[in-house]
**Student:** 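Before we start, here is the structure in question, set down as structure tokens.
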Amino acid sequence: MPELPDVEAFRKILDSCARGVCLLRIDVHDAGVLNGVSARRLRRSLEGRRLAEPERRGKWLVAPTEGGPTLMLHFGMTGQLVCCQPAEPLHPHDRVTFALADDRQLRYRDQRKLKGLWLADEPTLARMMKDQGPDALTVDRSGFGEALSGRRGGIKSALLNQSVLAGLGNLLADEILWRAKLHPARLVGSLTTQELDRMYTTLRRTLRSAVAAGRVPPRRTWLTGHRDDADPVCPRCRERLCGGRWAGRHTVWCPRCQQAPDRVMSRR
DNA sequence: CGGAGCGCCTGGAAGC
DNA sequence: TGCTTCCAGGCGCTCC
């Protein structure tokens with residue numbers, strides 16, 4: 001699930017629930033989500049420290065502590081950050097709980113454990129972030145153009161590639177291409193300036209409303225709202241939607257709104 | 001360089 | 001009903 005809008009929502013939760021608050025105690029219920037750090041070291045490094053202002057970078061949630069190391073969270077496909085009362089019963093997928101000084105609890109909840117938690121000092125943090133492209137929410141038009149310029153591959157894989165643009169996932173990539181009326185098989189190099197303008201504007205609008213909603217909203221006016229329909233139809237023109245695989249990911253598009261490039265026949 | 005394929009995990013749905 | 005297989009909105013790695 002978690003793409004940029006979800007992680008942005010988790011950042012807000014962390015900010016309102018824990019910023020400036022002391023981490024009293026950390027319980028690791030499943031060490032399988034810890035990366036490069038033991039439960040012991042995690043506790044020793046963070047317990048007793050206050051959380052500073054959290055930040056989102058692409059799909060990463062960066063949680064520095066005052067005078068201590070930085071906690072890095074990545075949510076994979078199924079992760080969440082939950083703020084709740086300590087009395088609330090442990091969910092089966094609660095992997096780590098952080099007890100806060102003001103009688104609240106942050107929980108890293110994740111079914112599949114594809115990603116998890118890291119502990120990083122400044123240089124490590126910089127190393128982890130250095131290959132990421134500009135953040136998709138804040139990139140400006142020229143940064144967007146630069147990120148895509150010179151790429152020889154397809155547009156769908158470029159949008160999904162975190163080192164090109166950070167934050168987009170499979171749902172957002174399809175949503176943006178559909179709104180910009182660009183076929184997922186288009187090559188980056190084939191896009192005109194006008195099409196790039198359109199894609200950038202679409203990217204901004206789509207991200208803004210998804211961030212406001214706290215996730216990619218399953219609205220019926222969005223392509224995303226139709227992905228799981230038995231017989232999905234384009235919410236704009238009523239044409240039957242196509243489904244296929246691009247860049248190894250399930251891809252949905254409208255064969256009428258999103259004109260296929262000449263070389264590639266539309267598949268279904 | 002880009003892209004395909006696989007693996008990491010878990011669980012729900014579909015298939016037999 | 002029960003067992004097996006496939007698939008999912010993440011990413012990193014290898015190989016071509």
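Reckoned from all heavy atoms, side chains included, excluding hydrogens, waters and symmetry mates. In what follows, chains carry the letters A, B, and so on, assigned in the order in which the sequence lines appear, proteins first and then strands, with residues in each chain numbered from 1.
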**Student:** At less than 4.0 Å, is any side-chain N or O atom of A/Ser157 found next to OP1 or OP2 of B/dG3? Yes or no.
**Tutor:** yes

**Student:** Of the listed nucleotides (B/dT10, B/dC8, C/dA8), which one gets closest to any side-chain atom of A/Leu114?
**Tutor:** B/dC8

**Student:** Given Watson-Crick or G-U pairs with both distances under 3.5 Å, what dot-bracket string fits DNA chain B, with | for other-strand pairs and [ ] for crossing?
**Tutor:** .|||||||.|||||||

**Student:** Do you know which two heavy atoms are closest between A/Gly58 and A/Asp135, and how far apart they sit?
**Tutor:** N-OD2, 2.8 Å

**Student:** Regarding A/Arg11 and A/Asp6, does a basic nitrogen lie under 4.0 Å from an acidic carboxylate oxygen?
**Tutor:** no

**Student:** B/dG11 P sits how many Å from A/Arg95 CZ, rounded?
**Tutor:** 7 Å

**Student:** Output yes when at least one side-chain N/O atom of A/Arg151 is less than 4.0 Å from OP1 or OP2 of B/dG2, else no.
**Tutor:** yes

**Student:** Examine C/dC11: is either OP1 or OP2 under 4.0 Å from a nitrogen or oxygen in the side chain of A/His74? Give yes or no.
**Tutor:** yes

**Student:** To the nearest Å, how far apart are A/Leu148 CG and B/dC1 C1'?
**Tutor:** 16 Å

**Student:** Near DNA chain C, which residues from residues 128-136 of chain A have a heavy atom under 4.0 Å away?
**Tutor:** none

**Student:** To check you understand the geometry: which heavy-atom pair defines the closest contact between A/Leu4 and A/Leu207, and what is its length?
**Tutor:** CD2-CD2, 4.2 Å

**Student:** Looking at A/Lys113, does any N or O in its side chain come under 4.0 Å of the phosphate oxygens OP1/OP2 on B/dC8?
**Tutor:** no

**Student:** From C-beta outward on A/Lys115, which listed nucleotide comes closest to its side chain: C/dC11, B/dC9, B/dG3?
**Tutor:** C/dC11

**Student:** Can you identify which nucleotide, out of B/dG11, B/dG2, C/dG9, has its nearest atom closest to the A/Asn170 side chain?
**Tutor:** C/dG9

**Student:** So, does A/Gln162 get its side chain near the phosphate of C/dC11, meaning an N or O under 4.0 Å from OP1 or OP2?
**Tutor:** yes

**Student:** Any side-chain N or O of A/His93 less than 4.0 Å from the OP1 or OP2 oxygen of B/dC9?
**Tutor:** no

